A.B. asks: 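Take this structure first; my questions come after.
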Amino acid sequence: QVQVVESGGGLVQAGGSLRLSCAASGIVFSNYAMGWFRQAPGKEREFVAAARWNGGTTYADSSVKGRFTISRDNAKNTVYLQMNSLKPEDTAVYYCAADPSGRGMWWSGAYEYWGQGTQVTVSS
C-alpha cells in the first residue's frame, strides 16, 4: 500500500519561513521523482517544484524560484520544501506527489500517488 504524507504546514507571517516534509512508503522512493503542487482557494492546482530521481530539481516560474528549495533524502524516503520569504499569495494547500517516470514533470497528470495536502497560510 502506497502512502504519501505531508507535514509542516501552518500559519506564518509574511517574510517568514516554513519547511514542508513529505514521507512516502510502499514505493521504491529512489526511482520516483517527487513533486510539490499547491492549490489556492478558487484556483487551479499548480506546480511548485520537483526533485528528479537523480537529484536534479525543477522549479515553477519566478514566483517561487529563489525563495523555495526542494530537496530529497532517499535514505528517509522523504522530500522537503523549504519556503523562505513567504508572501500572502503563497497561501494554499500544498500537495506532495510521486512521479514514477522519475523525470519530475510540471504537469499533475504525470504523478501517480498524492498526499492529502497540508495547509500553508501566510498572513500580511
Side-chain angles (χ1 to χ4, degrees):
Q1 181 181 358
V2 177
Q3 286 191 311
V4 178
V5 180
E6 305 96 337
S7 61
L11 173 64
V12 64
Q13 288 189 330
S17 298
L18 280 175
R19 187 175 84 153
L20 305 183
S21 299
C22 169
S25 59
I27 59 174
V28 181
F29 184 83
S30 59
N31 290 348
Y32 280 69
M34 299 300 295
W36 286 99
F37 290 76
R38 68 184 181 184
Q39 187 166 19
K43 294 189 176 181
E44 297 284 321
R45 188 173 298 188
E46 65 176 1
F47 173 76
V48 176
R52 293 186 287 277
W53 71 274
N54 61 0
T57 57
T58 304
Y59 292 91
D61 59 22
S62 58
S63 65
V64 302
K65 200 169 185 178
R67 299 189 297 122
F68 291 9
T69 303
I70 189 171
S71 60
R72 64 188 296 158
D73 184 339
N74 287 345
K76 296 182 178 180
N77 285 9
T78 300
V79 63
Y80 305 96
L81 186 68
Q82 177 67 44
M83 305 186 295
N84 298 328
S85 302
L86 282 161
K87 305 175 182 180
E89 51 263 44
D90 294 317
T91 295
V93 177
Y94 283 70
Y95 296 91
C96 177
D99 169 11
S101 80
R103 292 180 290 174
M105 307 300 289
W106 60 267
W107 59 288
S108 61
Y111 293 79
E112 184 172 2
Y113 302 109
W114 291 80
Q116 292 299 306
T118 186
Q119 176 71 47
V120 171
T121 303
V122 184
S123 64
S124 57

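Worth saying up front: this structure is predicted, and the values here are computed from it rather than measured.
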A.B. asks: Check the pair Cys96, Val79 against side chain to side chain contact (heavy atoms under 4.5 Å, CB included), reporting the backbone distance first and the verdict last.
C.D. replies: CA-CA 9 Å; Cys96 177; Val79 63; 3.8 Å; yes
A.B. asks: So which heavy atom on Val2 is nearest to which on Gly26, and how close?
C.D. replies: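 It is CG2-O, 3.6 Å.
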A.B. asks: Could I get the full list of ring-ring contact (aromatic ring centres under 6.0 Å, His included) partners for Phe47, not counting sequence neighbours?
C.D. replies: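 For Phe47 the ring-ring contact (aromatic ring centres under 6.0 Å, His included) partners, ignoring immediate neighbours, are Phe37.
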A.B. asks: Do Trp107 and Tyr95 share a hydrophobic cluster (ILVMFWY, side-chain heavy atoms under 4.5 Å, transitive)?
C.D. replies: yes
A.B. asks: Distance check, rounded to the nearest 0.5 Å: Ser108 atom OG versus Trp114 atom CH2?
C.D. replies: 5.0 Å
A.B. asks: Just verifying a value: how many Å separate Thr91 OG1 and Leu11 CG, rounded to the nearest 0.5 Å?
C.D. replies: 8.5 Å
A.B. asks: If you draw the axis of the six-membered ring of Trp53, does the NZ or CZ of Arg72 fall within 45° of it and under 6.0 Å from the ring centre?
C.D. replies: no
A.B. asks: Hey, does the side chain of Glu6 reach the backbone of Thr118 with a donor-acceptor pair shorter than 3.5 angstrom?
C.D. replies: no
A.B. asks: Please report the closest heavy-atom contact between Gly35 and Tyr111, naming both atoms and the distance.
C.D. replies: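 Closest approach of Gly35 to Tyr111, heavy atoms only: N-CE2, 3.6 Å.
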A.B. asks: Do you reckon Val12 sits in the same ILVMFWY cluster as Val64, going by side-chain contacts under 4.5 Å, direct or chained?
C.D. replies: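 In one cluster: yes.
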A.B. asks: Identify the two heavy atoms, one from Tyr59 and one from Ile70, that lie closest to each other, and give their separation to 0.1 Å.
C.D. replies: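 Scanning both residues, the minimum pair turns out to be OH-N, 2.9 Å.
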A.B. asks: I need the Arg19 CZ to Ser7 OG distance, nearest 0.5 Å.
C.D. replies: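 It is 9.0 Å, given to the nearest 0.5 Å.
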A.B. asks: With a 4.5 Å limit on heavy-atom distance, are the side chains of Trp106 and Thr58 in contact?
C.D. replies: no
A.B. asks: Is there side-chain contact between Val120 and Leu20, with heavy atoms separated by less than 4.5 Å?
C.D. replies: yes
A.B. asks: Check Ala110 against Pro100 and note the closest heavy-atom contact, atom names and distance.
C.D. replies: O-CD, 3.6 Å
A.B. asks: From Ser63 OG over to Glu46 CD, what is the distance, rounded to the nearest 0.5 angstrom?
C.D. replies: 6.0 Å
A.B. asks: Can you name the nearest heavy-atom pair linking Phe29 to Ala24, along with the distance?
C.D. replies: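 Scanning both residues completely, I find the closest heavy atoms to be CD1-CB, 3.9 Å.
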A.B. asks: Hey, is the main chain of Asp99 close enough, under 3.5 Å, to the side chain of Ser101 for a donor-acceptor pair?
C.D. replies: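 Not confirmed, Ser101 side chain does not pair with Asp99 backbone.
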A.B. asks: What pairs of donor and acceptor atoms, side-chain ones from residues 81-89 against any protein atom, are under 3.5 angstrom apart with sequence neighbours left out?
C.D. replies:
| residue | atom | partner | partner atom | Å |
| --- | --- | --- | --- | --- |
| Gln82 | NE2 | Asn84 | OD1 | 2.9 |
| Asn84 | OD1 | Ser17 | OG | 2.9 |

A.B. asks: Would you give the length of the straight line joining atom CG of Asn54 to atom CG of Asn31, rounded to the nearest 0.5 angstrom?
C.D. replies: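 The CG atom of Asn31 is 11.5 Å from CG of Asn54, to the nearest 0.5 Å.
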A.B. asks: Should the heavy atoms of other residues, nucleotides or ligands under 6.0 Å from CZ of Arg67 be counted, would the total exceed 12?
C.D. replies: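 It does: Arg67 CZ has more than 12 such atoms within range.
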A.B. asks: For the residue pair Arg38 / Tyr94, report whether a side-chain donor-acceptor contact shorter than 3.5 Å exists.
C.D. replies: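 Side-chain D/A pair, Tyr94 to Arg38: present.
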A.B. asks: If I take atom OG1 from residue Thr57 and atom CE from residue Met34, how far apart are they, to the nearest 0.5 angstrom?
C.D. replies: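 Atom-to-atom, Thr57:OG1 and Met34:CE are 15.0 Å apart.
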A.B. asks: Are side-chain heavy atoms of Tyr80 and Thr69 found at a separation under 4.5 Å?
C.D. replies: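 No, too far: nothing below the 4.5 Å cut-off.
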A.B. asks: Tyr32: what forms a ring-ring contact (aromatic ring centres under 6.0 Å, His included) with it, not counting sequence neighbours?
C.D. replies: none
A.B. asks: Can you get from Trp36 to Leu18 by hopping between Ile, Leu, Val, Met, Phe, Trp and Tyr side chains that sit under 4.5 Å apart?
C.D. replies: yes
